[in-house]
There are 2 protein chains.
Amino acid sequence: MIFCNHTPGEKPSCRWRRRKEARPEEIIDAALALFVEKGFSATRLDDVAKRAGISKGTLYLYFDSKEAIFRAVVETLIGPQLQQIEKLVHDFEGSNQALLRQLILGWWRNVGETGLSGIPKLIVSESGNFPELSEYFVKHVVKRMRKVFVGVLERGVAAGEFKPCDAQVAARLLFAPLVHAAIWKHSLQPWDDTGDVPVYLNLHLDIFFNGISSGAAKNE
Amino acid sequence: MIFCNHTPGEKPSCRWRRRKEARPEEIIDAALALFVEKGFSATRLDDVAKRAGISKGTLYLYFDSKEAIFRAVVETLIGPQLQQIEKLVHDFEGSNQALLRQLILGWWRNVGETGLSGIPKLIVSESGNFPELSEYFVKHVVKRMRKVFVGVLERGVAAGEFKPCDAQVAARLLFAPLVHAAIWKHSLQPWDDTGDVPVYLNLHLDIFFNGISSGAAKNE
DNA sequence: ACTTAATAACTGACTGGGCGGTTATTAAAT
DNA sequence: ATTTAATAACCGCCCAGTCAGTTATTAAGT
């Protein structure tokens with residue numbers, strides 16, 4: 001705790017090191033973990049600094065305020081994920097059901113099982129205190145994400161693969177268990193570890209597609 | 001703001017009134033609203049007091065601490081709901097599907113559309129800061145609730161009404177959209193008012209039961 | 001190579017305000 | 001007159017944000 005800032009496997013020959021490039025990411029990672037665990041208000045910057053292996057003053061060399069760190073956490077971590085998802089949809093060849101399954105399970109693998117899974121809880125928790133951030137999140141994340149799902153669902157309906165339905169609502173239903181699982185993982189999971197999530201998601205997908213498929217093929 | 005504490009429709013003839021009986025509930029209601037909106041840490045007791053129409057000192061005549069108020073909010077508001085639900089299940093006559101539909105829609109009417117709908121968000125947000133409370137909630141609310149759903153689902157499977165499946169997991173899936181809708185309502189809804197919830201829930205129920213029904217009867 | 005000067009990353013003690021909690025006092029109720 | 005609900009001024013801790021000083025690093029000079 002006293003000696004720090006050494007690249008792994010290096011002996012502590014000095015009190016600290018200059019690592020201008022690495023700081024921001026380390027700060028954001030530390031802040032994400034603490035914000036998710038404790039919430040924004042209850043997180044002390046001293047703790048963020050300690051976790052990032054620096055002093056509190058250093059935080060202010062890279063960010064203007066606690067709130068700026070919060071915004072950076074949210075805004076920098078989600079862009080890449082969305083791009084990857086949109087790419088997957090664009091390149092995919094196969095049935096729409098298979099694509100949606102892959103989207104759901106892929107999201108869980110890339111987001112749900114990583115530190116990113118804490119972001120939904122964080123956003124939900126702080127929505128009342130950061131309305132502008134919530135607006136940003138809805139506009140640039142939720143709606144963009146939903147657009148992908150709605151597109152695939154509508155394509156599936158047009159192709160006769162799914163029953164006709166309100167794709168907006170169906171998209172929300174399809175995605176809800178993902179969000180639910182992610183939030184759960186960071187809140188009540190420790191006291192109710194009900195099996196692993198992929199099992200949960202697979203049953204969801206089976207029921208959902210069995211329920212929405214246009215009757216033609218039934219997967220047992 | 002200055003004059004207060006009058007039963008509705010009473011003229012402010014004095015600075016305040018003694019209303020020992022009514023205080024606790026009013027405090028709890030005020031605290032619920034603010035905790036849900038801002039989270040526990042970010043809520044100031046001065047604001048709770050103001051909203052309850054009293055001064056901060058008065059809070060301490062009825063509760064030992066801020067945390068005690070928090071616990072009271074959670075513990076006093078959910079018991080009655082659970083009892084009502086268990087009674088409904090006990091008395092119900094009809095198909096298990098119909099019962100589950102009624103449970104879901106009834107929950108939304110009695111909880112989702114009232115101030116109680118904020119509790120899930122509150123629990124999730126503060127789970128990191130109040131582990132004991134989370135444990136209590138899981139033990140006495142989540143599991144008790146799930147037990148009801150699991151019971152009905154298993155009965156349905158045994159009766160040949162539903163396909164065989166893991167009732168524990170299915171119960172979580174069935175309930176997830178409710179929690180999702182409630183949390184959504186208190187966080188991102190203002191920036192994405194996607195239709196009303198009953199429509200969402202009805203589609204959920206249609207897809208779910210169509211997906212899980214044992215093929216015999218199809219309701220279209 | 002070795003020393004020294006200049007720069008910039010980093011530190012940690014400090015502060016000012018805000019908020020949880022207390023208490024001396026006031027006023028309603030009986 | 002006595003009791004007690006309620007107040008509002010008050011206290012002290014905590015923590016976001018600051019800044020004067022320290023140390024690693026780099027560059028220039030010899």
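Naming: A, B, ... by sequence-line order, numbering from 1 per chain. All values derive from a computational prediction rather than experimental measurement.
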* Tell me, yes or no, whether the heavy-atom count around B:Glu113 atom CD, taken from other residues, nucleotides or ligands under 6.0 Å, exceeds 12. => yes
* Asked: Within this structure, what is the CH2-to-C1' distance between A:Trp16 and D:dT22, rounded to whole angstrom?
  -> 7 Å
* To do: Please say which of A:Ile104, A:Leu100, A:Leu174 ends up in a side chain to side chain contact (heavy atoms under 4.5 Å, CB included) with A:Phe208.
  => A:Leu174
* To do: Write down the distance between NZ (B:Lys20) and P (D:dT4), rounded to a whole number of angstrom.
  => 9 Å
Could I get a table of every N or O pair under 3.5 Å where one atom is in the protein and the other is in nucleotides 20-22 of chain C?
residue : atom : partner : partner atom : Å
C:dG20  : OP1  : B:Thr43 : O            : 3.0
C:dG20  : OP1  : B:Lys66 : NZ           : 3.0
C:dG20  : OP2  : B:Leu45 : N            : 2.8
C:dG20  : N7   : B:Lys56 : NZ           : 3.0
C:dG21  : OP2  : B:Tyr60 : OH           : 2.9
C:dG21  : OP2  : B:Lys66 : N            : 2.9
C:dG21  : O5'  : B:Tyr60 : OH           : 3.2
C:dG21  : N7   : B:Lys56 : NZ           : 3.2
C:dG21  : O6   : B:Lys56 : NZ           : 2.7

* Mind checking whether A:Ile54 and A:Ile27 have side chains closer than 4.5 Å, heavy atoms only? -> yes
* Asked: Taking 4.0 angstrom as the limit, do A:Glu132 and A:Lys139 come out as a salt bridge?
  -> no
* **Whole-Å distance separating the CD1 atom of A:Ile54 from the P atom of D:dT23** => 19 Å
* Asked: Side-chain donor or acceptor of B:Arg18 under 3.5 Å from a matching atom on the base of D:dA5?
  -> no
What's touching nucleotides 3-5 of chain C from the protein side, N or O pairs under 3.5 Å?
none

* To do: Let me know the distance between CZ of A:Phe63 and P of D:dG17, rounded to the nearest Å.
  => 13 Å
* Asked: Among the nucleotides C:dC10, D:dA6, D:dT23, which one has an atom lying closest to any side-chain atom of B:Leu61?
  -> D:dA6
* Any side-chain N or O of B:Ser55 less than 4.0 Å from the OP1 or OP2 oxygen of D:dA6? -> no
* Salt-bridge test for B:Arg101 and B:Asp206: reply yes if a basic N is under 4.0 Å from a carboxylate O, no otherwise. => yes
* In whole Å, what is the span from the OH atom of B:Tyr62 to the C1' atom of D:dT7? -> 13 Å
* Structure fact -> The nucleotide from D:dT23, C:dA29, D:dA6 with an atom nearest the side chain of A:Arg15 is D:dT23
* Could you list the residues that satisfy side chain to side chain contact (heavy atoms under 4.5 Å, CB included) with A:Arg155, not counting sequence neighbours? => A:Asn96, A:Leu99, A:Val152
* Rounded distance in Å - CG (A:Leu59) to P (C:dT11) -> 9 Å
* To do: Answer yes or no: is there an ion pair linking A:Arg51 with A:Asp47, defined by an N-O contact shorter than 4.0 Å?
  => no
* Between B:Ser41 and A:Ser41, do the side chains contain an N or O donor and an N or O acceptor separated by less than 3.5 Å? -> no
* To do: Let me know the distance between CZ of B:Arg19 and C1' of D:dT4, rounded to the nearest Å.
  => 16 Å
* **Salt bridge present between A:Asp91 and A:Lys87 (N-O < 4.0 angstrom)** => yes
